[in-house]
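First the structure, in the form of structure tokens, and then the observations on it.
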Amino acid sequence: MSDIKLIGIVGAGQMGRGIAQVAAASGYQVVMFDVNEDGLNFARDFINKQLDRGVVKGKWEQGFVDSTRSAISQTTDMADLKDCDLVIEAATENKALKFKIFKQLDETINANAILASNTSSISITEIAAVTNRPGLVVGMHFMNPVPVMKLVETITGLETSSETIESVEAVAEKMGKTAVRADDVPGFAVNRILVPMINEAFYALYEGVSDARGIDNAMKLGCNHPMGPLELGDFIGLDTCLAIMEVLYEGLGDTKYRPCPLLKKYVAAGRYGVKVKKGVYEY
Ligand code: CAA
């Protein structure tokens, strides 16, 4: 198994910054890359706030927080990731964008490095096929919020080597997570089940079964879910939920996965959820 010390993160959004924080807190050196400098600064400030809150709550010592902070550097130049042993891509859930990023990573990063994608539904086999190292391409699907959620789904593409999958599972374990291996089918395990539930909640809202609060309270109080499905959709990002439904619908070819027109309408209106302070609810 390869010895992983330096981890690159591509994308400083809510997933990328969470992965960066957890990786640094687990003893890895981390380089966070994004083309958008403001996004990187926002992510750095967000991580710092999380770490400071941990000290106030008595969860972490100041020394631990300082070393975690200093283990993370940031860059807008992908070439700064070239010596990474593992790069975890956490960019927007868009096939064309991911293909472009993986082509660039393949040309830029040390040829023995593992390239992982945090994609929530796009085929790892297809992503791997745009590179010259398909055996070293793998899925590492973290859950949001990354510092809290214990699962990392690990996904094997058709060509992923057993050494690659075992290496990233060891990384996930070192990060304090539990890895569950899923096959490379649309939605993998979590989103195959979770996002159709969120989509169904949109249908229930669309058809007037109850109002948004009613639907969310029904699932929170009736099924012990920590968040209702509509609130969770806002939290994940309605644009991401729609992108996942489209992958399920197209990839599995079953009408039961058709995205709800109301979900489409929210996304068309730019109501993506918490990240833009407006989704099903306003924040
Ligand atoms: N980032 C980092 N930490 C966060 C956080 C965030 N955005 N939000 C909350 N936390 C931490 C808090 O600091 C707190 O930590 P401590 O216990 O160590 O103090 C802990 O989470 C609990 O937070 P709160 O008490 O403020 O709030 P809560 O009890 O209401 O829990 C929640 C918040 C953890 C988000 C909870 O509502 C929950 O588990 N929701 C469901 C989340 C879920 O289903 N995630 C999976 C989404 S699917 C996905 O990610 C995959 C995909 O591809 C779409």
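The first residue in the sequence is number 1, and the count goes up from there. Quick note: numbers below take in every heavy atom, side chains included, and nothing from hydrogens, waters or symmetry partners. In each ligand, atom 1 is the first atom listed, and ligand 1 is the first ligand listed.
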Inset, instruction - Please confirm whether Lys278 makes a cation-pi placement over Tyr272, using NZ or CZ under 6.0 Å from the six-membered ring centre and within 45° of the ring normal. - result: no
Legend entry - Lys/Arg cation over aromatic Phe46: Arg17, 6.0 Å, 45° cone: yes
Nitrogen or oxygen contacts under 3.5 Å, ligand 1 side and protein side:
| from | atom 1 | to | atom 2 | distance (Å) |
| --- | --- | --- | --- | --- |
| ligand 1 | 3 (N) | Gln50 | OE1 | 3.4 |
| ligand 1 | 13 (O) | Arg53 | NH2 | 3.4 |
| ligand 1 | 13 (O) | Lys57 | NZ | 3.3 |
| ligand 1 | 18 (O) | Lys59 | NZ | 2.5 |
| ligand 1 | 19 (O) | Lys57 | NZ | 2.5 |
| ligand 1 | 45 (N) | Asn144 | O | 2.7 |
| ligand 1 | 50 (O) | Asn144 | N | 2.8 |
| ligand 1 | 53 (O) | His141 | NE2 | 2.7 |
| ligand 1 | 53 (O) | Asn191 | ND2 | 2.9 |

Inset, instruction - Please determine, by modelled atom types, if Tyr281 and Asp216 share a side-chain donor-acceptor pair under 3.5 angstrom. - result: yes
Inset, instruction - Using only heavy-atom distances, determine whether the side chains of Glu37 and Asn41 contain a donor-acceptor pair under 3.5 Å. - result: no
Inset, instruction - For Asn118 and Phe142, indicate whether the former's side chain and the latter's backbone hold a donor-acceptor pair under 3.5 Å. - result: yes
Legend entry - Donor on one side chain, acceptor on other, Glu93 and Thr240, under 3.5 Å: no
